[in-house]
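Structure first, commentary second.
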Amino acid sequence: MPDRPPVPPVLALHRVSKSFGAVRALHEVSLELFAGEAHALAGENGAGKSTLVKILSGLHRPDAGRILLDGEPAEFHGPADAQRAGVAVIYQEPTLFPDLSVTENIFMGRQPRARFGRIDRPAARRRAAALFAGLGVQLDPDQPARGLSIADQQLVEIAKALSRDARVLIMDEPTAALSGNEVARLFGVVEALRARGCAVLFVSHRLEEIFELCRRVTTLRDGAFVSGDLIADMTPDDLVRRMVGREPEALFPKLDTVPGQVALAVRRLTREGVFTDVSFEVRAGEVVALAGLVGAGRSEVARAVFGVDRPDAGRVEVGGRRLRPASPSAAMAAGLALVPEDRRQQGLIMDLSIERNIALAGLPAVRRGPLISRAAERARAHDWAVRLRLKFARLADPVGVLSGGNQQKVVLAKWLARKPSVLIVDEPTRGIDVGTKAEVHRLLSELAAGGVAVLMISSELPEVLGMADRVLVMHEGRLVADIPRAEATEESVMAAATGRGAA
Amino acid sequence: MSGRETGLAAPAAESAAAPAPPPRGDRLVSRVARVRELGIVVALVLLFAVTGAVNPGFLSPDSLRDILLNSSIVAVLAIGQTLVVITRNVDLSVSSVVGLSAFGGALVLADHPGVPAPLVIAGCVLLGALCGAVNGLLVGVAAVPALVATLGTLYAFRGVDYAWAGGRQVNAADMPEGFLALGSASVLGLPLLALVALAVLLAVGWALRNLPPGRELYAIGSNPEAAVLAGIRVRRRVVAAFVASGALAGLAGAMWAARFGTVDATVATGKELDVIAAVVVGGVAIFGGSGTVYGAVLGAVLLASISSALAVLRVDALAQTAINGALIITAIVLDRVLALRVAAALRRRRYRDAA
Amino acid sequence: MPREAAGGAAAPRDPAGRLIRRWEGLILVLLVTVTLWASAGVDGFANASNVSFLLLDTTEIALMALTMTLVVVAAEIDLSVASTLGLSCAVLGWLWNAGLAIELIMPICLLTGALCGAVNGVLVTRLGLPSLAVTIGTFALYRGLAYVILGDQAVADLPPAYTGLATQTFGPVPLATVLVAVLAALAATVLHATGLGRSIFALGANEEAAHFAGVRVKRIKFWLFVASGACAALASLVYTFRYASARADNGVGLELAVVAAVLLGGVSIFGGRGTLPGVLMAVLLLGVVRNALILADVANEVLNFVTGLLLVASVLAPNLGAIRRRRHLPTPSEGKSVP
Amino acid sequence: GTTRSDVTQQTSAPAAPASSAAADPNAPIKQGLKIAFLPKQVNNPYFTIADEGGIAALKEVGGEGKEVGPSEASASSQVSYINTLTQQKQDAIVISANDPNAVVPALKQARAAGIKVVSYDSDTAPEGRDLFVNQASAEDLGRTEVQLLAEQIGFKGKIAILSATPNATNQNTWIEFMKDELSKPEYKDMELVKVAYGNDEDQKSFTETQGLLRSYPDLAGIISPTTVGIAAAARYLSSSPHKGKVKLTGLGTPNQLRKFVKDGTIEGFELWNPGDLGYLAGYAAAALASGQITGAEGEKFKAGKLGEYTIGPKGEILLGKPTVFTKDNIDDFDF
Ligand SMILES: Nc1ncnc2c1ncn2[C@@H]1O[C@H](COP(=O)(O)OP(=O)(O)OP(=O)(O)O)[C@@H](O)[C@H]1O
Ligand SMILES: Nc1ncnc2c1ncn2[C@@H]1O[C@H](COP(=O)(O)OP(=O)(O)OP(=O)(O)O)[C@@H](O)[C@H]1O
Ligand SMILES: [Mg+2]
Ligand SMILES: [Mg+2]
């Protein structure tokens, strides 16, 4: 590699592999973080970035390969070990203690001490206030963490990491919830740290941030190292190509359909503090994408439409009939299906077998008299397992042993087996390998062609652009744009999503 | 426990840069957080006012002394229980530990009158800590759910107690006067046992608030996953909480022996639910992460005062259990309703700020 | 708490699930062993009248354990069952003293139990309170109400036709056991072979996902508490007639015996796992051990100790295996222990 | 439907078990008799003493006695023990019933299996047993306790009763007689203000005593007809300002109360000798099991050192008058 600094890297991974059961999250990945250098980590969802971060933070232990600290092999038995080695981490998901104050959250585990081993509260408070001042945010250090917005939670996480005065600062999508203002401040602080000799690892899906902050980028694809480059030598397109591996168009075969009747109508739906005045329609045979930045409130809209959450105002109509609010069973009876974004928490019951998970959303269909017919249950699961090319040993195995992509297929099977007339899919391809992704897209296209109304929430712009007949864009809890397929481009969607587009 | 606890997030508001004045809502929150204990104090004051109005004898120094004395043993147990509950666990075995240590202590005193009382008390505490360590290892290391582990040891410790006692009862007459005097002695007009409970309360309360391990217990109960990420030694802390609860139960056993003088294998049977009730009424969240020992002790005092008041008000003895139960439920329902209100208020406030 | 499949592709099946299944097998083996040992080694164990005593003695616990199993599988708990039993006994005694016909009193008792359960259910599902806290409260409340209603009386002049029925046996099998068997078959069918049962397992294992799948989580939980209360009331009828004595303190302390049996039967306190046959075997196992040890003149204190030991061992055994096999750090979800 | 009145009519017919065999007063006591004592609860010192007396009696007649029982005083747990004793084919069961009715079905089965049943201390319903060894007539006890206290307080003032559990049979009978005694004219200046229940738990009794004195500061005396209650009350009083002012009497054992009699907390209390009670019950059970007696009124049998006893009406045997213990005689007793 060109112009390698003469000193060994502060922290490095050498041919590290990590598997979760059948899911190979990382495979022989190497990475070097140098003092005073900001390093980006890029890759699609599920590429293994967070896993890599968690290995560096001591939360996961690698199955193979080594962690090198100042060139010497090191072993992290837990987050405490990594912290002692000077590694500070901002995790992708905020991990705060809701019952404790913001200050305590920042200093938990290493509170400043006064006499008799007491915690020096005033000192902690002063330091927290100083940190927030540096980040240019107004947060009361004495406020409890419960009730903070995601953005504020993220800021607390950032303050927590910065407070460590670490030698290595690892940030897994720290900016996902932040606005430009805070990002600029954050970059200012990180830049200062870097200049003082701190090594920085930065994960983000916002390419412009990578180009602004970093000097070097490592790209992962499906857990494997793709390339390590100097940012200066690249264009954003190069980076996308490295992440995806092929041209996007090839991935999303979209079948043309003629939209029919309005199948789903959402009118002035509001959930206070989350989204406001959302109205849209989806016609039979149409694939409508709901785009927006993370946290824009898209999943919340889907949840409210399906009745998982109770909306504060507005109504949902399916096939012209008003839906009883806050009742998933009513929504299901009306022909609605929701493939939720979080399959582990919301989509599946990990301890239950594949067949029972699939049957759970359609219990009446597998009943013979008052009893469940195991044969019918198995037949239903088997049909869909074959159609979705599910890889499994036995249908009676718990679903938790399947690989991530196959788990996602089970969630899809669970809902498709109901033959819904309106299908809402939230991040349908998150964590799915590239091959399966194409399969899911093909399936969604076929369903739409067969007359199903599809509402697709996705954070992946290429997926949105490739699949959708229409793109609805949300920004800060409001629907800000409705872009037909012909006009939908990366620029137009992103402009709307960041609030700069035409309303 | 979904992600909801971490707060309902609002869309990242650009307007957050033009900051809304945070203090008002925050003051509301912290005020409400304190109201829990304040509520008990108010309830206590009310109880004393009403009962005192009907029967002024209730407010006499003697009567207050008795109430303090009556609540001190449960208070010590509630302090230990709070330590465990804060970490999102529970210790059902306390009553059996009290029984075991009370009997052990009384037996030594009766059969070996030469052993000095402080040594016996230390022995009781040690015995309790040992029992606590068994619980702690089962829960913290072997990952047995706390409810199961301590229900099991509830039976097991009591079994050991019965086997040890073998039908024997130690009477007041068998124990040295000096030890029994501890149970009824007063210092500066305050019962010694209440002072012991007060000392334990202040020490534990101070440690929970001011020492890092204390705050880490809250962190563990508040978000166990985040506790691991923060580098807290979760297992060690959980074991320590159980050991402390056991040690305090051991101390409570010694207090029991000193106070009541008559000790057999059945001492404190069924007390565990009283203790948990005191903790819950005291505003300690049963799912961990919040609550103070002060609240728990106030809960214990409140429950003891209710019993005394019901007796003084000449409420039928048979109705007391029902009233106790109703009050426990009222307390937790109020707590919950309050929490829901606050959550709703916060959500709406953020909505207004964002708009 | 989904554990990471540790063995990789070579061991595709969930080890915890297998161990649970194996644990139920273990209970069965233990039950058979203890029974054989007692039959051979304990005088007076293996004869018809002792068997019917033994079965009769487990009736109330078995009845309450049936619904408690469902409640615990749904990741809740009901500590108020024994108090509900007491309250129902008190109502029975009170109404009997007031001169009502027993045929009318019995359904009223069942209703009382159901109402007690409904109160628990409302507090848990509508207000979202933890069931442990709620039922500790109603544990005191219901028992207290029993004392308020019946006071210190013991109502004993119950109709011989019914008291006789409670101790009636067919060969060695008491009529009450037939009742238990019928209800157990019903409960086992509901839990293991109907959509409702599937839903109960689902919401116990992952309430959020069950909600997303259209399972009516709150409604099911509510009715489970109602069923639990009604079953406790049914147990109170058996109890009252069996002992020919309706008192407010009937069944004090039974709740822990019921919970112990359910946990020993392999039901996970975190919900989502367990079988009814396992629980019934555990009830029997505890009954047999107790009966045999008393017959063998083993002291009462040993009984408590054995119960506690069995209980801890039941959860410890599968866990020890898991600890040994644990390769990763404890993922935080494993450490999650809800009381 | 079946109502209470139906049942009362039915049961008004005599249900006394017809003695199957005639008594043979000259039959020798069988050797190797197996007799079990089933107290309200084991680990209770009162019953430990009583049952030791009974076991000693059995030894004297060449039989074998044992004590079994539940660790908590509840009716249902006693039933399991009756059942197992039936299985063990004991010759006789000597029981103190927690609930006079709840144990009857099981006892009936035991008797059907040829086992003799003697109740002592606390009777069962008559159809459950052959004999009841009564420690003292309920009437005697109830009235003498009121008399004892009345003398101590000069027939004047408020008094309270600290009983065992609300359901305790013997205590409740005694209390009835106490109330009856109090209704006599000589007690017109005495008022029974409250019956409190200490549940035979030491701590509860202790706190109940506190409560009594708190709500009735002018209380003159307390009767506690239970050994646990009187000990707890004495302990509270001895360390309170009420010591010696509020009089305490009731039933207790000399060893438990010696200290309080000497320090003036208690002037006098009464009790039968529990060892003798068990001893007599043991002899009665042995005589029954040997066919010397059947339980019919008027039959006589010898009870070792206690001499000859005659069965009274309703199958009762009376142990004798209780002893009143004062500081003058308390040192003569050790139990
Ligand atoms: N604890 C776990 N158990 C099982 N599989 C896991 C676990 N954590 C991650 N995985 C799997 O490992 C793979 C890599 O996940 P990882 O979180 O590292 O992706 P990522 O690159 O961070 O994705 P994103 O951009 O969405 O954050 C995914 O397929 C995921 O499903
Ligand atoms: N179960 C939940 N509990 C608490 N907060 C939640 C929950 N689900 C979503 N949120 C928060 O509500 C806000 C809106 O989130 P939502 O998931 O609807 O956004 P989104 O546009 O779908 O983004 P994403 O790409 O993350 O799915 C986010 O800040 C999110 O963190
Ligand atoms: Mg990630
Ligand atoms: Mg989303």
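Every chain is numbered from 1, with letters handed out A, B, ... down the list of sequences. Just so it is clear, the model here is predicted, and its values are computed rather than measured.
- If you measure heavy-atom distances from K89(D) to chain C, you find no contacts under 4.5 Å at all.
- Between S49(C) and Q87(D), the closest side-chain pair of non-hydrogen atoms falls below 4.5 Å.
- Interface remark: of the candidates L100(C), L95(C), V252(C), L100(C) forms the most heavy-atom pairs closer than 4.5 Å to chain D.
- Minimum heavy-atom separation, T2(D) to Y162(C): OG1-CE1, 3.9 Å.
- Atom CG of D249(C) is separated from atom CG of D99(D) by 8.0 Å, given to the nearest 0.5 angstrom.
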V68(D) vs D297(C), side chain to side chain contact (heavy atoms under 4.5 Å, CB included): CA-CA, chis, key distance, verdict:
CA-CA 8 Å; V68(D) 295; D297(C) 278 336; 4.0 Å; yes
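- Going from atom CZ of R247(C) over to atom CG of N101(D) covers 9.0 Å, rounded to the nearest 0.5 Å.
- When heavy atoms are compared at a cutoff of 4.5 Å, L54(C) does not approach chain D at all.
- For I102(C), the parts lying near chain D are the backbone and the side chain together; criterion is any non-hydrogen pair under 4.5 Å.
- With a 4.5 Å cut-off on side-chain heavy atoms, Y243(C) and V79(D) count as touching.
- Judged by distance alone, the side chains of Q88(D) and D43(C) never bring a donor and an acceptor atom under 3.5 Å apart.
- With rounding to the nearest 0.5 Å, the separation of CZ in F53(C) from OG1 in T84(D) is 9.0 Å.
- Within the 4.5 Å cutoff, no side-chain heavy atoms of N50(C) are placed close to those of N83(D).
- With a 4.5 angstrom heavy-atom cutoff, F45(C) does not touch chain D via any of its atoms.
- When the candidates A102(D), S77(D), P100(D), S80(D) are compared by the number of heavy-atom contacts under 4.5 Å with chain C, A102(D) comes out ahead.
- With a 4.5 angstrom heavy-atom cutoff, Q153(C) touches chain D only via backbone atoms.
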